[in-house]
Number of protein chains: 2
Amino acid sequence: MRPNEDLVSAAARELSEETGLDSPASHLEQFGTYGSPDRDPRMRVVTVGYWAIVPDLPTPKAGTDAAAARLVPVAEALSSPDRLAFDHHEILTDALARARRALETTTVATRFCPTEFTIADLRGVYMAVWGRSLDPGNFQNKVTDITGFVVPTGERREGSRGRPPELYRAGHAKTIEPPLRRPPA
Amino acid sequence: MRPNEDLVSAAARELSEETGLDSPASHLEQFGTYGSPDRDPRMRVVTVGYWAIVPDLPTPKAGTDAAAARLVPVAEALSSPDRLAFDHHEILTDALARARRALETTTVATRFCPTEFTIADLRGVYMAVWGRSLDPGNFQNKVTDITGFVVPTGERREGSRGRPPELYRAGHAKTIEPPLRRPPA
DNA sequence: TCAAAAGTGTTCAAATTACACCCATGG
DNA sequence: CCATGGGTGTAATTTGAACACTTTTGA
């Protein structure tokens with residue numbers, strides 16, 4: 001952190017410095033703070049963790065602070081407890097759990113989508129973050145029943161394989177009550 | 001924080017120093033970190049917030065760091081946005097939300113109870129934290145149906161008004177799946 | 001014309017709520 | 001013996017998963 005910076009700004013700056021992703025990270029959400037005295041053997045560091053939504057990801061470039069940067073699927077990054085440095089396995093696990101829960105209780109998933117999107121786009125976000133497949137019909141019913149989650153534009157997206165899907169925009173609702181629970185199995 | 005202290009230890013120490021409550025806070029859980037540059041006009045401070053479970057509360061005493069200490073019901077503390085100093089209204093609001101959610105998804109509520117407790121004791125914790133009344137019969141059914149939440153001792157607590165209630169101990173389960181949702185209205 | 005994706009609706013099972021009702025004790 | 005809180009059970013309703021089925025396009 002810099003002397004006159006708040007936590008989110010610092011997080012956004014660091015993201016940019018290390019990866020070159022200064023595309024507008026439209027959502028940065030704190031999930032935890034890590035401060036064991038020996039978590040980084042080089043020096044005493046307290047880390048405040050944020051997870052971000054960056055729609056339409058560009059290829060990351062190593063920024064001023066990093067030797068290299070690339071995108072790694074989260075399942076791969078967590079595949080072994082030793083794959084990441086220091087306590088980063090624990091941190092990433094916490095971040096993922098928080099993001100997964102956020103999709104249940106808030107409408108942030110729309111931030112991963114373009115301004116106009118289809119229900120299938122949104123379903124893709126849920127499936128990616130939750131790491132499971134979801135029934136298209138039930139997902140459609142649930143999402144369109146939640147007031148203020150998505151609002152139809154009246155337009156359709158042409159050009160793809162099957163029946164052209166209707167386009168939606170994000171609604172004004174920020175939370176989902178009751179939560180959109182992820183189905184078992 | 002002291003040079004060789006992790007975050008939870010520092011939180012436990014601060015709790016003790018400011019209130020004299022060094023009874024074993026059997027649960028300390030982080031909920032957020034606050035770091036706006038001007039949140040405390042006296043100096044730059046980053047605060048990591050923890051909420052604690054302290055069963056059978058003693059009267060707090062102002063410790064080495066505080067002029068005075070007393071217990072205040074959370075509804076009263078949050079009754080006005082200006083009742084607490086700095087950003088403490090926001091912090092306490094976050095803490096309460098987190099504690100409320102914790103009761104839905106984990107078994108921490110048993111930590112508020114003595115080693116042996118009745119379902120009514122447990123229901124009292126839920127009603128206090130959630131700030132609403134709960135149907136005794138339904139609560140009983142739900143809780144006893146969740147495997148590993150409470151285990152009967154076979155004993156009863158005598159001496160009270162009506163039928164002597166059965167006593168339970170906390171089970172081994174740490175999380176509740178699916179969550180024990182708080183009923184609407 | 002066929003396969004694929006979108007979207008709607010139906011069925012059956014599971015969960016939830018409200019509440020009736022019996023139990024066991026102290027006053 | 002009756003009011004009180006504990007505990008069990010049930011009926012009615014709601015929710016949810018699975019999946020059949022229609023729609024509308026590109027190949």
Side-chain angles (χ1 to χ4, degrees), chain A residues 103-105 109-110 113-114 116-128 130-147 149-169 171 176-185, chain B residues 103-105 109-110 113-114 116-128 130 132-147 149-169 171 175-185:
Chain A
L103 293 209
E104 296 186 21
T105 56
T110 57
C113 302
E116 301 200 337
F117 56 88
T118 69
I119 300 296
D121 291 340
L122 190 64
R123 181 163 49 89
V125 174
Y126 273 86
M127 293 196 300
W130 283 353
R132 56 166 18 283
S133 70
L134 295 170
D135 180 274
N138 288 338
F139 187 82
Q140 179 112 11
N141 291 337
K142 277 188 185 179
V143 161
T144 52
D145 280 356
I146 297 168
T147 54
F149 193 2
V150 295
V151 290
T153 64
E155 308 284 309
R156 293 167 169 278
R157 178 186 293 164
E158 315 280 345
S160 62
R161 192 69 169 77
R163 167 178 171 177
E166 291 181 31
L167 287 169
Y168 293 82
R169 276 184 223 274
I176 300 176
E177 184 57 32
L180 188 58
R181 296 256 307 137
R182 61 193 249 222
Chain B
L103 292 209
E104 296 185 23
T105 56
T110 58
C113 301
E116 302 200 338
F117 56 88
T118 69
I119 300 297
D121 291 341
L122 190 63
R123 181 163 49 91
V125 173
Y126 274 86
M127 294 196 299
W130 284 353
R132 67 175 37 187
S133 68
L134 296 170
D135 180 276
N138 289 338
F139 186 82
Q140 179 111 11
N141 292 336
K142 277 189 184 177
V143 161
T144 52
D145 279 356
I146 297 168
T147 55
F149 193 1
V150 295
V151 290
T153 63
E155 308 285 309
R156 293 165 168 279
R157 179 186 292 165
E158 314 280 343
S160 63
R161 192 69 169 78
R163 166 179 172 176
E166 290 180 33
L167 288 168
Y168 294 82
R169 277 184 222 274
T175 61
I176 301 176
E177 183 58 32
L180 188 59
R181 295 255 309 135
R182 60 193 247 224

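Any value given below was found using the heavy atoms of this structure, including those in side chains, with hydrogens, waters and symmetry copies removed. Naming: A, B, ... by sequence-line order, numbering from 1 per chain.
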Kindly state which residues belonging to residues 160-168 of chain B come within less than 4.0 angstrom of DNA chain D, counting heavy atoms of the residue only, listed by number. B:Arg161, B:Gly162, B:Arg163, B:Pro165, B:Glu166
Separation of C:dT10 P from A:Asp135 CG (nearest whole Å): 16 Å
Considering heavy-atom distances to DNA chain C, does B:Glu158 or A:Asn138 have its closest nucleotide positioned more toward the 5' end? A:Asn138
How long is the gap from CD on A:Gln140 to CG on A:Leu122, to the nearest 0.5 Å? 10.0 Å
Between A:Arg157 (CZ) and C:dA5 (P), how many Å, whole number? 14 Å
Hey, what do you get for CZ (A:Arg132) to CE (A:Met127), rounding to the nearest 0.5 Å? 11.0 Å
With sugar-phosphate meaning primed atoms plus P, OP1 and OP2, does B:Pro136 contact a base, only sugar-phosphate, or nothing at under 4.0 Å between heavy atoms? nothing
Hey, which of A:Ile119, A:Thr153, A:Val151 is the one that makes side chain to side chain contact (heavy atoms under 4.5 Å, CB included) with A:Tyr168? A:Ile119
Walk along DNA chain D from 5' to 3' and tell me the first and last nucleotide with an atom closer than 4.0 Å to a non-hydrogen atom of chain A. D:dA17 to D:dG26
Rounding to a whole Å, what distance do you find between A:Asn141:CG and C:dT10:C1'? 11 Å
Using the test salt bridge (charged side-chain N to carboxylate O under 4.0 Å, His left out), find all partners of A:Arg161 that sit at least two apart in sequence or belong to another chain. none
Could you measure the distance from the CZ atom of B:Arg157 to the CG atom of B:Asp121? Nearest 0.5 Å is fine. 4.5 Å
The salt bridge (charged side-chain N to carboxylate O under 4.0 Å, His left out) partners of B:Glu177 (sequence neighbours excluded) come to A:Arg181
Nucleotide N/O of nucleotides 11-13 of chain C paired with protein N/O under 3.5 Å:
none

Value for CG (A:Leu180) from OH (A:Tyr126), rounded to nearest 0.5 Å, stands at 5.0 Å
Taking the side chain as everything from C-beta on, heavy atoms only, tell me whether B:Pro178 gets closer than 4.5 Å to A:Pro184. no
Less than 4.0 angstrom between a side-chain N/O of B:Lys142 and OP1 or OP2 of C:dT17, yes or no? yes
Tested for side chain to side chain contact (heavy atoms under 4.5 Å, CB included) against A:Phe117, the lone hit among A:Leu167, A:Val125, A:Thr110 is A:Thr110
Measure from CZ on B:Phe139 to P on C:dA18 and round the result to the nearest Å. 15 Å
So, taking the atom named CD in B:Glu166 and the one named CD in B:Glu155, what distance separates them when rounded to the nearest 0.5 Å? 10.5 Å
With a 4.0 Å heavy-atom cut-off, tell me which residues in residues 118-127 of chain A come close to DNA chain C, sorted by residue number. A:Ala120, A:Arg123
Closest heavy-atom contact between B:Glu104 and B:Trp130? CG-CZ2, 3.5 Å
Give the rounded distance in Å between these two atoms: CZ of A:Arg156 and P of C:dG7. 7 Å
Flag, side chain of B:Asn141 to backbone of B:Asn138, donor-acceptor distance under 3.5 Å: no
